[in-house]
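Each ligand, and each atom within it, is numbered from 1 in the order the structure gives.
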Amino acid sequence: MSGALFAADRREVAPGAIHVPGWLDPTQQRMLVDACRDWARGPVPMRSAVMPGGHPMSVQTVCLGWHWQPYRYTRTAEDAGGAVVAEFPEWMAQLGREAVAAAYGDPGASAKYQPDTALINFYDAAARMGMHQDKDERASDPVVSLSIGDSCLFRFGNPDTRTKPYTDLRLDSGDLFVFGGPSRFAYHGVPKIYAGTGPAESGLASGRLNITMRVTGLKEAGSPR
Ligand code: SIN
Ligand code: FE2
């Protein structure tokens with residue numbers, strides 16, 4: 001449950017990587033779906049980012065605070081109409097602090113968590129995300145991930161290789177996943193969406209919504225790595 005310190009039913013999937021099932025209640029899920037629907041319309045429209053090789057990603061993405069494209073952050077969306085991204089709202093930062101508290105039960109870590117960007121990804125039934133590291137940030141604070149709608153197969157691995165050892169788990173609507181510490185730069189991916197499994201009460205008729213909050217550590221536009 002959101003707001004509770006150190007969620008009782010948390011599970012450590014890897015060192016510093018915590019899964020908290022059912023952390024968002026239905027009202028919070030619906031509120032997030034409504035907010036994401038607005039952000040998907042603009043100022044930067046939700047779109048499939050294009051990989052350096054020219055292939056569009058199968059997920060659709062809209063960002064807050066900083067605009068991400070493979071593999072950098074900018075304030076304006078040069079690849080999606082050029083507008084300045086919507087601001088990262090303080091209420092979402094507060095939700096991020098509650099998430100860190102639920103995952104780690106460490107009030108100090110929670111209080112100093114100041115996410116400044118969120119990537120909002122929408123997966124239709126066919127969308128996937130290959131194994132990758134979240135490493136375009138210049139900070140090592142945890143990533144907070146919230147899932148709403150259809151369930152997915154989530155593969156969470158290790159920082160050294162995109163292959164085994166990894167853990168396969170299912171992320172359902174309302175689940176929280178936080179990865180920090182020794183797992184902050186672990187490879188992870190979404191090999192499968194379980195179409196039609198999302199609860200109607202989330203407000204999402206189909207597909208899966210995932211929000212990841214991050215601390216970029218950036219003051220100016222991030223340069224390509
Ligand atoms: C991501 O790796 O950025 C998204 C993960 C997810 O959709 O659960
Ligand atoms: Fe990621």
Side-chain angles (χ1 to χ4, degrees), residues 11 13-14 16-24 29 32-33 36 39-40 46-51 56-73 88 92 96 99 103 115-159 161-162 166-181 183-195 197-198 202 204 206-216 222 225:
R11 172 181 171 226
V13 170
I18 314 291
H19 178 204
V20 186
W23 186 68
L24 294 167
Q29 293 176 47
L32 286 166
V33 168
C36 290
W39 285 316
M46 181 171 252
R47 91 299 184 217
S48 289
V50 176
M51 300 299 283
M57 295 176 72
S58 58
V59 302
Q60 296 175 64
T61 308
V62 64
C63 308
L64 308 177
W66 288 90
H67 178 75
W68 180 84
Q69 66 180 94
Y71 293 99
R72 65 197 172 108
Y73 287 103
F88 183 87
M92 191 177 280
D116 62 338
T117 192
L119 272 61
I120 299 166
N121 287 321
F122 178 77
Y123 296 72
D124 66 17
R128 307 272 178 273
M129 194 176 290
M131 293 296 275
H132 67 279
Q133 295 167 292
D134 293 0
K135 61 175 184 183
D136 298 321
E137 300 77 24
R138 301 285 180 271
S140 55
D141 304 70
V143 175
V144 167
S145 154
L146 302 172
S147 295
I148 303 174
D150 283 348
S151 300
C152 76
L153 176 63
F154 185 60
R155 180 162 290 171
F156 195 83
N158 64 84
T161 149
R162 65 178 68 242
Y166 53 65
T167 303
D168 279 348
L169 60 144
R170 182 176 162 126
L171 293 181
D172 297 322
S173 196
D175 286 13
L176 165 67
F177 195 92
V178 180
F179 52 104
S183 283
R184 171 60 181 80
F185 296 100
Y187 283 87
H188 56 279
V190 178
K192 186 170 176 54
I193 300 295
Y194 300 111
T197 55
S202 76
L204 199 62
S206 68
R208 170 175 184 262
L209 198 59
N210 176 264
I211 302 169
T212 50
M213 297 178 219
R214 302 126 186 257
V215 176
T216 65
R225 64 165 192 263

| query | Between Arg162 and Tyr187, is NZ or CZ placed under 6.0 angstrom from the six-membered ring centre and within 45° of the ring axis? | reply | no

| query | Is Phe156 close to Ser183 at the side-chain level, that is, under 4.5 Å between some pair of heavy atoms? | reply | yes

| Can you list, by chain and residue number, every protein residue with a non-hydrogen atom closer than 4.0 Å to ligand 1? | Asn121, Tyr123, Met129, His132, Phe154, His188, Val190, Arg208, Asn210, Arg214

| Do you see a donor-acceptor pair shorter than 3.5 Å between the side chains of Ser140 and Arg184? | no

| said: I need the protein N, O or S atoms closer than 2.8 Å to the Fe ion (ligand 2), given as residue plus atom name. | reply: His132 NE2, Asp134 OD1, His188 NE2

| Side-chain heavy atoms of Asp175 within contact of His19, under 4.5 Å | yes

| field | Distance-only side-chain donor-acceptor flag, Asp116 / Thr216, under 3.5 Å | value | yes

| message | In the structure I gave you, are the side-chain heavy atoms of Asp150 and Tyr123 within less than 4.5 Å of one another anywhere? | response | no

| task | Classify the side-chain pair Asn210/Ser145 by whether it contains a donor and acceptor separated by less than 3.5 Å. | result | yes

| query | If you round to the nearest 0.5 Å, how far is CE of Met46 from CD1 of Ile120? | reply | 6.5 Å

| said: Looking at every non-hydrogen atom in both residues, tell me the closest pair between Ile193 and Ala125 and how far apart they are. | reply: CB-O, 3.9 Å

